[in-house]
K.L.:
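Shown below is the structure under consideration.
Letters A, B, ... are given to chains in the order of the sequence lines, protein chains preceding strands, and every chain is numbered from 1. Worth saying up front: this structure is predicted, and the values here are computed from it rather than measured.
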2 protein chains.
Amino acid sequence: MLSSYSTADKVLLALDCIIFGFDQHQLKILLIQRDFEPEKGKWSLIGGFLKRTETLDDAAKRILNHLSGLDDIYLEQLYTFSEVDRDPGERTLSTAYYALINSEDHKLLEDGDYTAKWFDIKEAPNLIFDHNEMVQKAILRLRRRAVSKPIGFELLPEKFTMLQLQKLYEAILDVELDKRNFINKVNALDILVKLDEKDMTSSRKGSYLYQFDKEKYDQKIEEGFTFKI
Amino acid sequence: MLSSYSTADKVLLALDCIIFGFDQHQLKILLIQRDFEPEKGKWSLIGGFLKRTETLDDAAKRILNHLSGLDDIYLEQLYTFSEVDRDPGERTLSTAYYALINSEDHKLLEDGDYTAKWFDIKEAPNLIFDHNEMVQKAILRLRRRAVSKPIGFELLPEKFTMLQLQKLYEAILDVELDKRNFINKVNALDILVKLDEKDMTSSRKGSYLYQFDKEKYDQKIEEGFTFKI
DNA sequence: GTTTTAAGTGTTAATTTCACATTTAACAAA
DNA sequence: TTTGTTAAATGTGAAATTAACACTTAAAAC
């Protein structure tokens, strides 16, 4: 027998964001140290509660916008966590989202409620509630997505070198890649524009900068192309 | 500023199940015709509301058990749908799950509240709310999962022929596969047991029955094996 | 014993992936 | 202005995987 609306229980629905960044070496996540109860002083994901008048995507955007001032952040819903006692306060479910931001370009906003800090995904502190589990799930999802969708570029500055792109994929996939094979593969995709501009910070010779060509990518997708790294 | 528990809104959380079956030819989904309001008479997924004392997985199992009497059904959380006006009744979010059941072995239970019926995924009627979207997402998820995890067997009887397995994958992936290549690939996985028993219903010669060997699969996974069809 | 029907089986070509080392551009130092 | 230094740029061949493809066999029906 299906429950009717009237007899069904209402619950609090929270939303937690795993915010990924990349610092040219390691994949990072942004965590906050809570200045409020419960679990004051502990590290956690950035989160908030869903409002009656917004979708989960809206709520995720709102929370990220509040943190960063940005509203063009890559976001994807991950999973809804529902253990009965996951939050010791009240019966609360939480839908986790993950976000990809270019941590170089984007300064984070200050907020009296918390201090935010980037952590290497391999060196993150223990988190409250089920947030560790959320992070693990997000890493796995990011790994699967990054090889089948061109979302990695969200973590890089608009212009990047091939080596940066390679290091990014190495960090996401937690593997070492061969330079020539990687470049050959990326070039074969034919979705990057090689600029006339060089990044001179890393060597005397300088290395060419590239840009993701979204229009070209979209067109190729229409023609049946599949992205695969 | 993060919302505190006290000011946060509570919402109804529904749960809808996309129940997949396979009839030797086509991938099917189980739908019900609602005998109750709202949307009485229309087709919809099987669903219910989350109770305060259960997890989403629990709720999904409860709903499926009520329908089928079974409690060993393959289940996976799909996505949480949250459009503000997705349910015209009350502000309701819905977490969609998909389930795989062997529709031959398992008789469905009767229920006064609705009539349940199997539909080819390609011939399903229009559904209420955002249920069409849920089904589409479930099909895509099933496609991705079925090639990387041995979940297809959940849709087959315990003993099956190679042709049945091939037809199943053809139905899931919506492609035609080459018989010899498919068998070679499956045999190379080395996770099936070939029985001494034949299915004589389909030909004079009869075709050998196979069984999925879960222990062997689990052991191979531990040794670093990856399933891939 | 002949026919019928679906089951069962293997090889080759094509493509993709992987491993691997030398040359080049730009600046710095002599 | 030559030489040294450093990271960037570049291609090929072997190995593995995937894709294409057609004939033989077992069992029952007649």
Side-chain angles (χ1 to χ4, degrees), chain A residues 24-25 143-144 146-148 156-157 159-170 172-211 220 223-229, chain B residues 23-25 143-144 146-148 156-157 159-211 220 223-229:
Chain A
Q24 314 294 309
H25 302 283
R143 245 170 231 173
R144 275 183 280 123
V147 297
S148 61
L156 293 174
K159 299 171 181 182
F160 51 85
T161 67
M162 277 289 181
L163 186 60
Q164 285 175 298
L165 186 61
Q166 182 183 338
K167 292 292 169 203
L168 170 65
Y169 273 94
E170 290 182 338
I172 292 175
L173 302 176
D174 194 25
V175 292
E176 298 223 321
L177 300 171
D178 177 87
K179 177 166 63 159
R180 277 171 294 183
N181 290 339
F182 182 79
I183 291 175
N184 287 160
K185 196 180 267 188
V186 170
N187 280 332
L189 293 175
D190 188 29
I191 53 172
L192 297 187
V193 189
K194 183 177 189 171
L195 303 175
D196 276 335
E197 207 174 330
K198 280 185 164 186
D199 168 21
M200 300 306 292
T201 62
S202 59
S203 73
R204 307 193 202 293
K205 184 177 176 180
S207 61
Y208 281 103
L209 290 165
Y210 290 79
Q211 230 176 328
K220 294 191 74 163
E223 293 162 0
F225 165 79
T226 44
F227 180 94
K228 184 81 187 66
I229 282 189
Chain B
D23 72 345
Q24 315 293 310
H25 303 283
R143 245 170 230 175
R144 275 185 280 123
V147 296
S148 60
L156 292 175
K159 300 172 181 181
F160 50 85
T161 67
M162 278 289 181
L163 185 59
Q164 284 177 297
L165 187 61
Q166 181 182 339
K167 291 293 169 201
L168 171 65
Y169 273 93
E170 290 182 337
I172 292 174
L173 302 175
D174 196 23
V175 293
E176 298 223 322
L177 300 171
D178 176 86
K179 177 168 64 160
R180 277 170 295 184
N181 289 340
F182 182 79
I183 291 175
N184 290 158
K185 195 180 265 187
V186 170
N187 281 332
L189 293 175
D190 188 29
I191 53 171
L192 297 188
V193 189
K194 184 177 188 171
L195 305 175
D196 274 336
E197 208 175 329
K198 280 186 164 187
D199 168 21
M200 301 305 294
T201 63
S202 60
S203 73
R204 308 193 204 289
K205 184 178 176 180
S207 61
Y208 281 104
L209 289 165
Y210 291 79
Q211 229 176 328
K220 294 192 73 162
E223 293 163 1
F225 164 79
T226 44
F227 180 93
K228 184 81 188 65
I229 283 189

K.L.:
Write down the distance between NZ (A/Lys194) and P (D/dA8), rounded to a whole number of angstrom.
P.N.:
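Atom-to-atom, A/Lys194 to D/dA8, this comes out as 13 Å.
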
K.L.:
Are A/Val147 and A/Ile172 close enough, and set up right, to give a side-chain contact (heavy atoms from CB on, under 4.5 Å), and what steps lead you there?
P.N.:
CA-CA 10 Å; A/Val147 297; A/Ile172 292 175; over 6 Å; no

K.L.:
Expressed as a whole number of angstroms, how long is the span from B/Met162:CE to C/dT9:C1'?
P.N.:
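From B/Met162 CE to C/dT9 C1': 12 Å.
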
K.L.:
Is it the case that over 12 heavy atoms from other parts of the model lie below 6.0 angstrom from the NZ atom of A/Lys220?
P.N.:
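Above 12, so yes.
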
K.L.:
Generate the contact string for nucleotides 22-30 of chain C. Rules: B means base contact, S means sugar-phosphate contact only, - means no protein heavy atom under 4.0 Å.
P.N.:
--BBBBS--

K.L.:
Please check if the number of heavy atoms outside A/Glu223 that lie under 6.0 Å from its CD is greater than 12.
P.N.:
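Yes, CD of A/Glu223 has more than 12 neighbouring heavy atoms, counting only those of other groups under 6.0 Å.
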
K.L.:
Run the side-chain contact (heavy atoms from CB on, under 4.5 Å) check on B/Met162 and B/Leu192 step by step: do they pass?
P.N.:
CA-CA 10 Å; B/Met162 278 289 181; B/Leu192 297 188; 4.0 Å; yes

K.L.:
Around atom OH of B/Tyr208, are there more than 12 heavy atoms from other residues, nucleotides or ligands closer than 6.0 Å?
P.N.:
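Counting other residues, nucleotides and ligands, OH of B/Tyr208 stays at 12 neighbours or fewer.
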
K.L.:
Begin with the C-alpha distance, continue with both residues' side-chain angles, and end with the deciding distance and a verdict on side-chain contact (heavy atoms from CB on, under 4.5 Å) for B/Ile191 and B/Phe227.
P.N.:
CA-CA 9 Å; B/Ile191 53 171; B/Phe227 180 93; 3.6 Å; yes

K.L.:
Going by number, which of residues 173-188 of chain B have a non-hydrogen atom under 4.0 Å from DNA chain D?
P.N.:
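Under 4.0 Å from DNA chain D: B/Asp178, B/Arg180, B/Asn181.
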
K.L.:
Between A/Phe225 and A/Leu189, is the side-chain contact (heavy atoms from CB on, under 4.5 Å) condition met? List the steps.
P.N.:
CA-CA 9 Å; A/Phe225 165 79; A/Leu189 293 175; 3.9 Å; yes

K.L.:
Which pairs count as side chain to side chain donor-acceptor pair (under 3.5 Å) when at least one residue sits in residues 166-175 of chain B, sequence neighbours excluded?
P.N.:
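Qualifying pairs, neighbours excluded: B/Lys122-B/Asp174, B/Gln166-B/Glu170, B/Lys167-B/Glu170.
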
